[in-house]
Amino acid sequence: MAKWAFLIFAIFYVIAVFLLLVGTYGWFGQERDPLSGIFLMPLGLPWNLLGEQAGLGGPALGIGAPLINAAALYWIWKR
């Protein structure tokens, strides 16, 4: 079960980062969108909120916070 949770989470993460890049750089004729990274927000909870309270805001936090959850899922899967 944990294997599937990790794989699904990883797929969602890759899709969310791809949508961020498409919206940020205007790839494929898409207009630039300031909310293109919104799909990364729920994937990174609660770490993005804790990082924001610690004063570590920015794009690196938004992109990196879901990786903590992915690492936790991977650890549970391999344990």
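Values below: every heavy atom of this structure, side chains too, minus hydrogens, waters and symmetry copies. Quick caveat: nothing in here was measured; it's all calculated off a predicted structure.
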Fill in the blank from the handout: Taken to the nearest 0.5 Å, the spacing of Leu61 CG from Leu50 CG works out to 9.5 Å

Problem - Asn48 side chain vs Met41 backbone, donor-acceptor pair below 3.5 Å - result: yes

Problem - Connected via hydrophobic side-chain network under 4.5 Å: Ile68 and Leu56 - result: no

Problem - Same apolar cluster: Leu43 and Ile8, side chain cutoff 4.5 Å - result: yes

Fill in the blank from the handout: Residues Gln30 and Val22: closest non-hydrogen pair is CB-CG1, 3.9 Å

Problem - Point-to-point distance, once rounded to the nearest 0.5 Å, from CG of Leu67 to OH of Tyr74 - result: 14.0 Å

Practice task
Indicate the atoms forming the closest heavy-atom contact of Ser36 with Gly23, along with that distance.
Solution key: CB-CA, 3.5 Å

Handout entry: Arg32 backbone acceptor or donor facing Tyr25 side chain under 3.5 Å
Key = no

Problem - Counterpart residues, ring-ring contact (aromatic ring centres under 6.0 Å, His included), relative to Phe9 (two or more places apart) - result: none

Completion exercise
Given the options Asp33, Leu40, Leu35, Leu20 meets side-chain contact (heavy atoms from CB on, under 4.5 Å) only with Leu40

Handout entry: Inter- and intrachain pairs under side chain to side chain donor-acceptor pair (under 3.5 Å), touching residues 53-69, at least two apart
Key = Trp47-Asn69

Practice task
Using the rule that two of Ile, Leu, Val, Met, Phe, Trp, Tyr join whenever any of their side-chain heavy atoms come within less than 4.5 Å, decide whether Leu7 and Phe12 are in one cluster.
Solution key: yes

Exercise for the section: Give a yes or no on whether Leu21 and Phe28 share a hydrophobic cluster (residues Ile, Leu, Val, Met, Phe, Trp, Tyr; joining criterion: side-chain heavy atoms under 4.5 Å apart). Expected result: yes

Problem - Trp77 with Leu73, same ILVMFWY side-chain cluster at under 4.5 Å - result: yes

